[in-house]
Each structure stands twice: as C-alpha cells, then as structure tokens.
Number of protein chains: 2
Amino acid sequence: MARTTGSRATITGPLIRDKARCLFARQGYAAVSMRQIAAAVGVQVGTLYAYLPDKQALLADLLESHMQDLLAAWSDDPQADPLARLERFVRFHIDFSIDHADAVFLSYMELRNLTPDNFARIAALRGRYESALESILRDGIASGTMRPEDPKLTTLALIAMLTGVTNWYREGGRLDRARIAQIYWGLARGAVGAA
Amino acid sequence: MARTTGSRATITGPLIRDKARCLFARQGYAAVSMRQIAAAVGVQVGTLYAYLPDKQALLADLLESHMQDLLAAWSDDPQADPLARLERFVRFHIDFSIDHADAVFLSYMELRNLTPDNFARIAALRGRYESALESILRDGIASGTMRPEDPKLTTLALIAMLTGVTNWYREGGRLDRARIAQIYWGLARGAVGAA
DNA sequence: GTCTATACCCCGATAGAC
DNA sequence: GTCTATCGGGGTATAGAC
C-alpha cells in the first residue's frame, strides 16, 4: 500500500466524482457539503479545489458527462423496423438507467441547481436524447406500425415511465433485470398502440 | 387594509406553507433557508418559529397534508367496470398533478430529506395511493379487460409516467389540460393491454 | 498533491422586548 | 404576533507550508 504520488494523483480525480455522484444522488446537491465529499474520498477539503474550481462546476461536470455518455452509448439504425428500434431503445434505457442509477437520478433531480448557462448546455443534450426516441415514434407512425396520439408528449411520457425504474430498483429484488426490461417493453409497445 | 392582529394571524400560517411549498419545489428543501421563506411571507425569521417547531416539521407537514389531500380527493367504485375506473384514475391523477404541481413535485423529490419516522409515515400514505391503482389493475385482469404482465410494476410505471406531467406542463402551452388527459389516457389504456 | 489554518458568510434556532 | 439581536455551528473557498 505504498502511497506513491503518481498513483494517488491518477485516482483522486475520478474518486471525487464517484463519491460526489453517490452523495448527491442520495442526499441532494444542496444538502451535501464539500467537507462530506472530502471525507468520503479520504482527503481534506482544500484538496478538492486542486481538482475543481467550485461545487457548481462539480455538479455540472457530473451531469454533462453523464448525458455525453448516454448519447455516446445509444446507437440507432434509421433503416430498421421502427418497432424493433423502439424495443432496442426501451431495453437500452432500462439497462443504462440501472447501470448508472445514481447519474440518471441526479440528472433529472438536480437540473434546477445548475446555473443558467450550465442548465442550457445540459438541457440541450437532454433534448437530443429525447429527439432520438421521438424520431422512432414518428417513423413508426409513418410506417403505420404505431399510433401514438402525440409523438412529442408520448416521448416525454415514455422516458418518465422508464426512468422511474431508478426510484425502486434494487439489486436482488423480486424481478431481475431481464424480466423488468421485458415488462417495460410490453408497457411501451402497448402505449404506442403496437400491441 | 387595516392590519388587525386577528386577520394577520389567520393568514400567516397558511402563507408560510404556501411560500415554503413554492420555494421548496423550485430550489429544493436543503437549498431554501428559513430567512428566504420569511422574506417571501413578509415577516422576520423569528416569527416563523411561532408557527412551527423547526424546518423539518414544515417539510413533513407539507408532504403529509398533500398525501392526505390526494387520498381524500380520490374515490373509487370497486363495482364499476375496471377500464372505466382506470380512465377515472388517469384523468384524476393528471388533473390533481396539474392543480397541485408544486406539492406533487415536492412529494416525490424530497422524501429523502425526511427524518426516518416522517418518511415512514408519508411513505405509508403513498403506498395506499399506489394500492388504489393496483387494485384496479388486478380487477381488470380478473375480468379479462386488461393484460398487464405485472400489476405491481405496472402501477409504479403508470404513476411515474403520469406524474411526469409536472416536469413540463405550463399553463397556456401547446396542449390544454383536456387534450393532455386524453393523450395520457390513450397511453395508459394501451400500456395495460386494453387498446 | 495534500495538508493545516482560516477568512468570511449564512445557517437554524432561541431569548426577550414590545 | 412580530420584532430585533444573537448564539453556536457549519458552509464554501482560499492561502501558504510541506
């Protein structure tokens, strides 16, 4: 357990983000102090400021990099069958939400604690993700395989429904991930009128 | 506009709750100070403590009375057609969520800031509300008019979907309330397999 | 890169005058 | 019922030693 300077330097930055993400998700941004984060990381408060300018930047960084990861992880084939694309989207969203539950929870709970410029940047990324689903719905309508009454509202409704999984999912619960994804897919398919 | 002692006394209590609800919903419980609330009400900080023991009690009171109002406002007829009951539930939930947007938003954002005993009491009320929907789904399955794969998960998914309306609804937006309720009802009906 | 120490501010809550 | 004044503590952020 030698404390070489190099190894610590490499690890502290990501560790700050990991601990902050976890604490923010559990207690909320405003309720978590920089002292708490430092204690979780195992350093003193002052050390944090060698890695970030202030607390707000830490939140913005967590939310923005989460949205970037989400957008990078999603890929779509506009040529494929819209219903198959929707199924992929639903399964992807559920899996990603479970795998990154803290980040997902944070990203829709703490938008209001962003400064206006940070909010605008991150809301734009969120809009891009919503558009990904909306385009699937529009293609589904065009091809006659789906009948949602309003693609825009249906997009928001489906994402809210799917993201809700972060509110109650616990590892080792009554339903496993595959089963959960299956059930949500059934709900989504029915909701868009493709049952 | 005489400032009689009596009239002020009657108004200050509810006003504290109104302003606190609004501020908590917009900025989050932890981010709002008692001084901010006092300023919004138009009194000094000390005055607040003539009406409540502490800040936590204010939050708990807002959440508990909201859940009580919600449960009191909902009525169901277990003898009626399950699909008609589901439609009533959907329309009720949308209307109530729009009419009490701040309280609804608060009630699912700030549960984590409750002390354990307050949390337990309020979570139990929430459970009663979820049960109201779940019993409709179970009756629908029994009567063969609905085919949700898992009534418990479907309950949580539908409530998350419907409650999401508080995230984006704005008075005078693209869709009016009746239209929104209609669209959500279409989504819910399809989701439970009753299209 | 991390520590200790500290500046400066605002927090929740209380006491006591009016 | 409301005010003013204040207590004790913890908040973010910085300075400077090592």
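A, B, ... follow the sequence lines: proteins, then strands. Residue 1 opens every chain.
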With the side chain of [X] defined as its heavy atoms from C-beta on, choose the nearest nucleotide among [options].
| X | options | value |
| --- | --- | --- |
| A:K55 | C:dA13, C:dC3, D:dA13 | D:dA13 |
| B:D54 | D:dT14, C:dA13, D:dT2 | C:dA13 |
| B:Y49 | C:dG1, C:dT14, D:dC3 | C:dT14 |
| B:T12 | D:dT2, D:dA13, D:dT4 | D:dT2 |

Would you mind reading off the distance between [X] atom [atom1] and [N] atom [atom2], rounded to a whole angstrom?
| X | N | atom1 | atom2 | value |
| --- | --- | --- | --- | --- |
| B:L58 | C:dA13 | CG | C1' | 14 Å |
| A:L48 | C:dT4 | CG | C1' | 15 Å |
| A:I16 | C:dT2 | CD1 | C1' | 11 Å |
| A:Q44 | C:dT6 | CD | P | 15 Å |

Report yes if at least one side-chain N or O of A:T47 is closer than 4.0 Å to OP1 or OP2 of C:dC3; otherwise report no.
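True: A:T47 side-chain N/O within range (under 4.0 Å) of C:dC3 OP1/OP2.
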Under 4.5 Å between side-chain heavy atoms, chaining through other members, with only Ile, Leu, Val, Met, Phe, Trp and Tyr counted: pull out the rest of the cluster around B:M109, sorted by chain and number.
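Its cluster partners, ordered by chain and number, are A:F105, A:Y108, A:M109, B:F105, B:Y108.
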Do the charged groups of A:D176 and A:R179 touch, with an N to O distance under 4.0 Å?
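No.
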Considering heavy-atom distances to DNA chain D, does B:G46 or A:Q56 have its closest nucleotide positioned more toward the 5' end?
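Closer to the 5' end of DNA chain D: B:G46.
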Taking atom types as modelled, find out whether A:R91 and A:Q182 have a side-chain donor-acceptor pair closer than 3.5 angstrom.
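Yes, because at least one side-chain N or O of A:R91 sits under 3.5 Å from a partner of the opposite role on A:Q182.
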Can you tell me if B:R128 has over 12 outside heavy atoms packed within less than 6.0 Å of its CZ?
no
So, for B:W74 and B:Y129, is the gap between ring centers shorter than 6.0 Å?
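Not close enough - the centres of the two rings lie 6.0 Å or further apart.
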Measure from NZ or CZ of A:K55 to the centre of the six-membered ring of A:Y49, then state whether that distance is under 6.0 Å and the direction lies within 45° of the axis.
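No, A:K55 and A:Y49 do not form such a contact.
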Nucleic acid contacts of residues 31-41 of chain A, taken as heavy-atom distances under 4.0 Å to DNA chain D
A:V32, A:S33, A:M34, A:R35
